Amino acid sequence: MATVETKNIRKVFQEHTAVDGVDLQTREGEFLVLLGPSGCGKTTLLRMIAGLEQQTSGDILIGGRVVNDLPPRERKIAMVFQSYALYPHMTVASNIAFPLKRKGPSPRASATGCKRRPRCSGSSGCSSASRGSCRGRAAARRPRPGHGPRAGRLPARRAPLQPGRQAASHGRDELQQFQRRLKTTTVYVTHDQVEAMGLGDRIAVMSAGKVRQLGRPQEVYDDPADTFVAGFLGSPPMQFFENDGALVGFRAENLLPKAVYSSNEPLVSFWYRVTRVEDLGADRLLYGALRDLAPDTKMIVNLPSTIHLPITPGEAYEFACKVNDLKFFDPKTGLRISSRPLRGKA
């Protein structure tokens, strides 16, 4: 295991700054996720760590050693591309063996073992990382044209692929268990917030080449550092309204009918006028506005189906939010500011 660290890393392409002064340090064996929209610089940052891009300025350290001028193969790390880059004329075993041949002979990673035992289960000398992907008849298969993701996953699993969200959930579970077994420090790039929340020990949320917040998934979700993080994470995202020169936000699931709270909890009450109800099975999405505080600001409330409150569009209901669940932001900078009492009717 080793740590990966970047110190004030910048990457400028002509007049475009892709990565703008990023400071990051992984912990040994952790799964760190770089999360952000397309074009925010997360892939460029990963490529610089791997040595595929040369940084404009700043330092990259792997295991405490500055590797700025080392080529990719001497950095002793591996990078998996979004495109699997499988060789269609090679079998699964041959695709696994190819980089091992390039690396050279090793007691733990024998490239010739796959040739001798096309149906081996890892006992031929391949590293443990490949054993789950090279089993039985799967080792002799070839990737099918036009099925990149499926071709990459099919040999790795004995069970058939499940469609849609279930497949994604199984994939996240397998990937995280795999990383836990290897205990390898991992930096992972995604724009999918569900993937980031489900996989990461910590999440670095990026925007416009900068890291906006770094922390544990629930910490980043519950206590966003600014309006970008608050709005990027969550489905629906954090809801905002203006009050007394501040931008006030709350998570859609944190505004609930006042009656469901115990009487001793510190609450802030709102009259919420519902305009539309969307039943989603486990949840109901309520569309409406805070009648007295922000009547012209459309807001969404996520009401669990376990709360059996009859809702009629057009009516207003008394809802409440815990005091600590209200977050305050500077409307100009978007940064978090200290909490304050709400002004106006509530």
Side-chain angles (χ1 to χ4, degrees), residues 35-37 164-165 168 191-198 203 205 207 212-213 217-244 246-261 265 267-331 334-337 339-340 342-346:
L35 173 67
R165 294 182 180 178
H191 65 270
D192 187 328
Q193 56 166 305
V194 175
E195 196 170 56
M197 294 285 290
I203 297 175
V205 184
S207 172
R212 307 296 286 264
Q213 187 170 0
Q218 202 61 43
E219 172 190 332
V220 173
Y221 183 82
D222 290 337
D223 289 300
D226 57 28
T227 52
F228 174 82
V229 177
F232 191 77
L233 285 172
S235 182
M238 182 169 280
Q239 307 294 295
F240 298 102
F241 64 95
E242 291 189 19
N243 185 268
D244 192 30
L247 203 58
V248 186
F250 60 83
R251 290 293 179 191
E253 66 273 15
N254 288 339
L255 190 65
L256 300 172
K258 189 174 182 179
V260 307
Y261 291 102
E265 291 184 275
L267 303 173
V268 179
S269 298
F270 305 92
W271 282 93
Y272 181 72
R273 186 182 298 280
V274 180
T275 57
R276 188 170 77 89
V277 179
E278 191 172 79
D279 286 302
L280 301 177
D283 305 282
R284 282 185 292 173
L285 291 184
L286 310 183
Y287 296 82
L290 302 180
R291 186 189 67 184
D292 302 318
L293 283 178
D296 298 324
T297 303
K298 295 182 179 180
M299 312 194 79
I300 302 175
V301 170
N302 191 350
L303 195 63
S305 61
T306 52
I307 296 178
H308 303 290
L309 174 69
I311 299 290
T312 302
E315 297 294 324
Y317 301 86
E318 189 173 19
F319 276 57
C321 182
K322 293 180 182 179
V323 171
N324 291 336
D325 287 336
L326 287 178
K327 313 300 178 185
F328 293 79
F329 304 86
D330 185 310
L335 297 176
R336 278 283 293 276
I337 58 177
S339 300
R340 59 188 67 182
L342 295 178
R343 293 191 179 274
K345 296 180 180 180

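A quick note: this is a predicted structure, and the numbers were derived from the prediction, not measured.
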Minimum-distance pair of heavy atoms, taken over all atoms of [X] and [Y]:
| X | Y | value |
| --- | --- | --- |
| Arg251 | Leu233 | NH1-O, 2.6 Å |
| Phe328 | Ala246 | CD2-CB, 4.3 Å |
| Gly231 | Pro237 | O-CB, 3.1 Å |
| Pro295 | Ala289 | O-CB, 3.5 Å |
| Gly249 | Phe240 | CA-CD2, 3.9 Å |
| Lys258 | Ser269 | NZ-OG, 3.1 Å |

Side-chain contact test, heavy atoms from C-beta onward, threshold under 4.5 Å: evaluate it for [X] versus [Y] and give yes or no.
| X | Y | value |
| --- | --- | --- |
| Phe270 | Met299 | no |
| Phe228 | Pro37 | yes |
| Asp226 | Phe232 | no |
| Phe250 | Val248 | no |
| Leu303 | Asp283 | no |
| Pro304 | Leu256 | yes |

List the atom pairs, donor and acceptor, that lie under 3.5 Å between side-chain atoms in residues 307-317 and the rest of the protein, sequence neighbours left out.
| unit_1 | atom_1 | unit_2 | atom_2 | d |
| --- | --- | --- | --- | --- |
| Tyr317 | OH | Thr312 | N | 2.7 |

Original post:
Taking NZ, NE, NH1 and NH2 as the nitrogens, is one of them in Asp223 or Lys327 under 4.0 Å from a carboxylate oxygen of the other?
Top reply: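 A salt bridge links Asp223 with Lys327.
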So how far is it from [X] [atom1] to [Y] [atom2], rounded to the nearest 0.5 Å?
| X | Y | atom1 | atom2 | result |
| --- | --- | --- | --- | --- |
| Ile203 | Gln193 | CD1 | CD | 9.0 Å |
| Thr227 | Leu335 | OG1 | CG | 8.0 Å |
| Ile337 | Phe329 | CD1 | CZ | 9.0 Å |
| Ile300 | Leu255 | CD1 | CG | 12.5 Å |
| Arg273 | Arg291 | CZ | CZ | 6.0 Å |
| Lys322 | Asn254 | NZ | CG | 8.0 Å |

**OP:** Could you pull out all residues at least two apart from Arg276 that satisfy salt bridge (charged side-chain N to carboxylate O under 4.0 Å, His left out)?
**Re:**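 Applying salt bridge (charged side-chain N to carboxylate O under 4.0 Å, His left out) to Arg276 gives Glu278.
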Original post:
Hey, mind stepping through Leu293 and Val268 against side chain to side chain contact (heavy atoms under 4.5 Å, CB included) and telling me if it holds?
Top reply: CA-CA 12 Å; Leu293 283 178; Val268 179; 6.0 Å; no
Subject >> Side-chain (Tyr261) to main-chain (Leu267) donor-acceptor, under 3.5 angstrom >> reply: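 A pair under 3.5 Å: no.
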**OP:** Answer yes or no: does atom CD of Glu253 have more than 12 heavy-atom neighbours from other residues, nucleotides or ligands under 6.0 Å?
**Re:**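 Check passes, neighbour count above 12.
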